[in-house]
There are 2 protein chains.
Amino acid sequence: MKATINDVAKQAGVSIKTVSRVINNEPSVRKATQEKVLLAVTALNYKPNLSARNLAGTKSFSIGYVYCNPNAYYVIDTQEGILTACKEQGFELFIHPCDAKKEHITDEVITMVKQARVAGLVLTPPFSEMPDFVNAMLALDVKVVRIMSGDEAPDQLTPCIMVNDRDAAYTITQHLIDVGHQRIAFLAGDAEHMSTIERYKGYRKALKDNNIEFNQELVIEGEYSFDSGVDAVKILMAPEKDIHPSAIFSCNDEIAAGALFAARLMNISIPEQLAISGFENSPFSRQAWPKLTTANQPNRKIAENAANLLISQVRNQKANNALTKLYTPELIVRDSTTSI
Amino acid sequence: MKATINDVAKQAGVSIKTVSRVINNEPSVRKATQEKVLLAVTALNYKPNLSARNLAGTKSFSIGYVYCNPNAYYVIDTQEGILTACKEQGFELFIHPCDAKKEHITDEVITMVKQARVAGLVLTPPFSEMPDFVNAMLALDVKVVRIMSGDEAPDQLTPCIMVNDRDAAYTITQHLIDVGHQRIAFLAGDAEHMSTIERYKGYRKALKDNNIEFNQELVIEGEYSFDSGVDAVKILMAPEKDIHPSAIFSCNDEIAAGALFAARLMNISIPEQLAISGFENSPFSRQAWPKLTTANQPNRKIAENAANLLISQVRNQKANNALTKLYTPELIVRDSTTSI
DNA sequence: TTAACGATTGACAGCGCTGTCATTATTTAA
DNA sequence: TTAAATAATGACAGCGCTGTCAATCGTTAA
């Protein structure tokens, strides 16, 4: 049968409370005692019972991941990263897929948080970018860690894991320029997403730093979808248009895939007549043909990092809300921007 | 504060044990008493505490979903379906992504099952198609429900949710024939997946029923990937080949997308010169251009059904392992097989 | 050397629920 | 009508752990 705290206590020759102290890293345990206990823990392969802990203690050992994201690959990666951290730290994960645009979404999540007694929440866009939502969670005394786009935290509400989309976009744009392009179009994702805004900033900055004149006509508004890419290329490359871009910066791989597809349809050769870059390094980017130059975000690592941060907050109670960790996606050059 | 069983008991004027009986649907509770209790439950918005239940009882209120699937959309859909059932029934879900090909995968899952004390497991391919694995789980006295491909359960080990890929494939093939095709190629997915085998059977049967001679040359082995579709079309439509298919049955949308892409590259017009069908109704099929004719599997519904089945098994203890539910994916005709 | 102090440790109650078994209410048979 | 049988209910222990507080230990300062 599974070993309990009693078995460990007996084996180590101490009281159960001391075992409890050791496994919870509480102070006031002599070094020698700690070692005895740890030895017994290993010998019996003891793992504390989560239910008992949750029931007995005031603190909880569960965290939640609340998300609303059409990108299944992103969600899966993030889940796995969080799960890795949870396993390591003996925490439990409650996943809560939902619709961020639903009317009483905040109440719904509040109910779930109370019900599951989660001690903390990992938030990704769009939730991480909804201050009211975040505040509502904090008001419940739930710790929060946000993963979001930008190079510094927008506020001190919670620790943040920032994804530096701006610099990554700068790097991609610079790459496009380096391989000889001057007329670079920008295919935007959803305008309300921070990531679109940040990527746009990086694009603009790269143009500026290279003394390339910005041309509003080359910026096509859109959303994070395949169709958006298709439509944009149809507009940009329309025969009747006198000036065409020689390269396209797409806000994500899906848009890029659409752009690629439309270009093919129009008999535009990639990358000779038109270079196309993506963003995200999704399976999409490897399945496209030619393969897409893109930027890789290590979503699993980012999520694991976020979850570890969250768990240490939950553990220590004392939160360091100024804590920020920055990730910059890295350029992956593939065939869609360089001659094969 | 959250209401406990004590509050409900007080409010209803009964003992906590009676409340327990009511919420667990145990027999031997007078109708009137039950109603009193239920009223109090509603009034106080009482939800039993999972930790306490797990701790006190011999039965557990958690189930697990063990999976290894590169198709993120499938996984997400399945998760959501299971979650719906769990919420309704007051169960907790442990997700366990892992690598089915890892050496000690069975041991790994056994550890997780013991650790989390899950009472049951929802299994999808490939796990649902691994008899040794399933038996190992059953040996732990863990209930299992399998989602798998076929028209009847391969054994009586567990209840099964069968996805009738064969009939669906038959319907797709019949559709291809109906719109005038005779030379229909078959692009296989991974040969070891039951779904590939079943889809192949349906394809063969449709040909036979329509007195169309089967041609081995039109069957291309492959895997469930974009590249596989690309390669297949390059082979099938090679100019030097004297006979080309006029339609392609692809084992899933990803293969179909690859086929579509390759065909475009070769300046083959779709669907005029070549009709292409997919399978799965993934986002892929809607993003392709022209949109793919495909077969829709209601993965969320299937998973919800599986989870409900599992939970009722867990609840009743008595398992009806002969129980089988059959879903047949339905044909969705889009532009890739019918002139626009 | 000893009182006094802080550092360690343990005893014990109780988290919210279920399982067991005793008790009481109700029905049935005689 | 009453005893026996059955149905309905409740009292209580205890699941594995943590929080509280009291007991013990070692150490320092006088």
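Note: hydrogens, waters and symmetry copies are ignored here, and every other heavy atom, side chains too, is used. Below, chains carry the letters A, B, ... as their sequence lines are ordered, and counting in each starts from 1.
Rounded to whole Å, the distance from CZ on B:Arg53 to C1' on C:dC15 is 16 Å. Atom NZ of A:Lys59 is separated from atom P of D:dC17 by 14 Å (rounded to the nearest Å). One atom, NZ of B:Lys10, and another, C1' of D:dG10, lie 16 Å apart when rounded to the nearest Å. Regarding A:Tyr46, its OH atom lies at a distance of 10 Å from the P atom of D:dG16, rounded to whole Å. Between the P atom of D:dG16 and the CG atom of A:Leu55 lies a distance of 12 Å, rounded to the nearest Å. Atom CZ in A:Arg117 sits about 12 Å away from atom P in D:dT18, given to the nearest Å. B:Ile23 places its CD1 atom 5 Å from the P atom of C:dT18, with the value rounded to the nearest Å. For the pair A:Lys31 NZ and C:dA7 C1', the interatomic distance rounds to 16 Å; values are reported in whole Å.
The side chain of B:Ile5 lies closest to C:dT18, out of D:dG16, C:dT8, C:dT18. Minimum atom distance to the side chain of B:Ala56 is reached by D:dG14, of the listed D:dG14, D:dA11, C:dT9. You'll find that the side chain of A:Val14 is closest to C:dG10, out of C:dT8, D:dG16, C:dG10. Comparing D:dG16, D:dA8, C:dG19 by their nearest atom to the side chain of B:Glu26 picks out C:dG19. In the set C:dT9, C:dG16, D:dC17, the nucleotide with an atom closest to the side chain of A:Ile16 is D:dC17. Relative to the side chain of B:Ser28, the nucleotides D:dA8, D:dG16, C:dG16 differ in distance, and D:dA8 lies closest. Closest to the side chain of A:Val29, out of D:dC17, C:dT9, C:dG10, is C:dT9. The listed nucleotides are D:dG10, D:dC17, D:dA8; the one nearest the side chain of B:Lys17 is D:dG10.
The side chain of A:Thr58 places an N or O atom within less than 4.0 Å of a non-bridging phosphate oxygen (OP1 or OP2) of D:dG19. In terms of phosphate contacts, B:Thr4 brings no side-chain nitrogen or oxygen within less than 4.0 Å of OP1 or OP2 of C:dG16. Phosphate proximity of D:dT9 to B:Thr18: absent, as no side-chain N or O sits under 4.0 Å from OP1 or OP2. Taking 4.0 angstrom as the limit, A:Ser15 places none of its side-chain polar atoms (N or O) nearer than this to OP1 or OP2 of C:dA11.
Mapping A:Asn24 and A:Arg30 onto DNA chain D by nearest heavy atom places A:Asn24 closer to the 5' end of the strand.
Annotation: A:Tyr67 is not in aromatic contact with A:Tyr74 [ring centroid separation under 6.0 Å not met].
In this structure, a donor-acceptor pair under 3.5 Å is present between the side chains of A:Asn305 and A:Tyr327. A donor-acceptor pair shorter than 3.5 Å cannot be found between the side chains of A:Ser60 and A:Arg117. Defined by atom type and a distance below 3.5 Å, a donor-acceptor pair is missing between the side-chain atoms of A:Gln34 and A:Arg21.
Counting distance only, with no hydrogens placed and no angle test, the side-chain atoms of A:Arg21 and the base atoms of C:dG10 include a donor-acceptor pair under 3.5 Å.
Side chain of B:Ser128 to backbone of B:Ile147: a donor-acceptor contact under 3.5 angstrom is found.
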TODO: Could you check B:Thr78 against B:Thr124 for side-chain contact (heavy atoms from CB on, under 4.5 Å), going step by step and ending with a plain yes or no?
DONE: CA-CA 9 Å; B:Thr78 305; B:Thr124 48; 4.2 Å; yes
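Within 4.0 Å (heavy atoms only), A:Ser51 reaches no atom of the nucleic acid at all. Within the nucleic acid shown, B:Pro27 has no heavy atom closer than 4.0 Å to any nucleic acid atom.
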